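See structure below.
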Amino acid sequence: MNFLFRWFIFWLPMIPIAVVNGTIRDLGYAKYTGALIAHQIASVVLIAWLGLYMYFIFKKHPMTSTVQSLLLGIYWMLLTVTFEFGLGYASGKSFNTMMLDYHIEQGRLWICVLVWIAVAPYFFFIRKTTRKQKKTHL
């Protein structure tokens, strides 16, 4: 199976993970915290859920090189942004409205989720490589 298709298939479950996270935010705690704080909580929780998902993916299907892990992170981030803007466009949102989540200076943390998606494959690759090196030096 080619690299792009294989990792596209592994990216797909991130969509329902994000949807469930947003649904819990909207139906659960947003009415108690307000929109901005709910967005911030949901962003941090999504990073954690995606990290857990990726941990299991990379445990079973480890990256083989630094370059591969960095390229995968960029690929997944581009897929995520493309999906986000495609869905926003299809639902009638303006570009300016969609860009609101990228204003970190206003407390919007969505960019942190994208950064995590981009660096997580490298993080898990380095973590695995470092652990393997420690075991061989013992």
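The first residue in the sequence is number 1, and the count goes up from there. Just so it is clear, the structure is predicted and the values come from calculations on it, not from any experiment.
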Q) What's the spacing between Leu87 CG and Lys93 NZ if we round to 0.5 Å? A) 7.5 Å

**Q.** Modelled atom types, side-chain donor and acceptor of Thr66 and Ser69, under 3.5 Å
**A.** no

Q. Nearest heavy-atom pair of Ala118 and Met77: which atoms, and what distance?
A. CB-SD, 3.9 Å

(Q) Please check this pair: side chain of Glu84 against backbone of Thr80, looking for a donor-acceptor N/O pair closer than 3.5 Å. (A) no

**Q.** Worked check of side-chain contact (heavy atoms from CB on, under 4.5 Å) between Met14 and Met54
**A.** CA-CA 9 Å; Met14 293 185 203; Met54 288 183 223; 4.0 Å; yes

Q: Could you state whether Tyr102 and Ile74 fall into the same hydrophobic cluster, counting links through intermediate Ile, Leu, Val, Met, Phe, Trp or Tyr residues with side-chain heavy atoms under 4.5 angstrom apart?
A: no

Q: Ignoring hydrogens and angles, tell me if any N or O in the side chain of Tyr75 forms a donor-acceptor pair with the backbone of Leu4 under 3.5 Å.
A: yes

(Q) For a 4.5 angstrom cut-off between non-hydrogen side-chain atoms, does Phe95 reach Phe85? (A) yes

Q. Side chain of Asp101, backbone of Trp110: donor and acceptor closer than 3.5 Å?
A. no

Q) Can you tell me how far CZ of Phe58 sits from OH of Tyr53, rounded to the nearest 0.5 angstrom? A) 8.5 Å

Q | Straight-line distance of Ile47 CD1 to Leu50 CG, nearest 0.5 Å | A | 8.0 Å

Q: Taking the side chain as every heavy atom from C-beta outward, state whether Ile104 and Cys112 have any pair of such atoms under 4.5 Å apart.
A: yes

Q | Joint hydrophobic cluster, Phe56 plus Trp76, side-chain heavy atoms closer than 4.5 Å | A | yes

Q.
Is the shortest side-chain heavy-atom distance between Arg127 and Tyr55 below 4.5 Å?
A. yes

Q: Keeping the roles fixed (side chain from Trp116, backbone from Leu46), state whether a donor-acceptor pair exists under 3.5 Å.
A: no

Q | Cluster link Tyr29 to Ile37, ILVMFWY, side chain under 4.5 Å | A | yes

Q. CD/Gln106 to CG/Leu100 distance, rounded to the nearest 0.5 angstrom?
A. 7.0 Å

Q) Donor-acceptor pair, Gln40 side chain versus Leu109 backbone, under 3.5 Å? A) no

Q | Trp49 with Leu27, same ILVMFWY side-chain cluster at under 4.5 Å | A | no

Q | Distance-only donor-acceptor check, side chains Arg6 and His61, under 3.5 Å | A | yes

Q: For residues His103 and Ile111, determine if any side-chain heavy atom of one lies less than 4.5 Å from a side-chain heavy atom of the other.
A: no

Q: State the CE-OH distance between Met63 and Tyr122, to the nearest 0.5 angstrom.
A: 14.0 Å

(Q) Quick check on the hydrophobic clustering: are Leu52 and Ile41 connected, directly or via other members, by side-chain heavy-atom contacts under 4.5 Å? (A) yes

**Q.** Close side-chain approach of Leu72 to Phe125, heavy-atom, < 4.5 Å
**A.** no

Q) So do the side chains of Leu79 and Trp7 get within less than 4.5 Å of each other, counting heavy atoms only? A) no

Q: Assign the ring pair Trp11 / Phe83 to parallel, tilted or perpendicular, where the plane angle (0 to 90°) is split at 30° and 60°.
A: perpendicular

Q: With side-chain contact (heavy atoms from CB on, under 4.5 Å) as the test, would you mind laying out the steps for Lys59 and Phe124 before giving the verdict?
A: CA-CA 9 Å; Lys59 189 172 184 174; Phe124 286 109; over 6 Å; no

Q) How many angstroms lie between CZ in Arg25 and OG in Ser43, if you round to the nearest 0.5 Å? A) 8.0 Å

Q) Counting heavy atoms not belonging to Tyr89, are there more than 12 under 6.0 Å from its OH? A) no

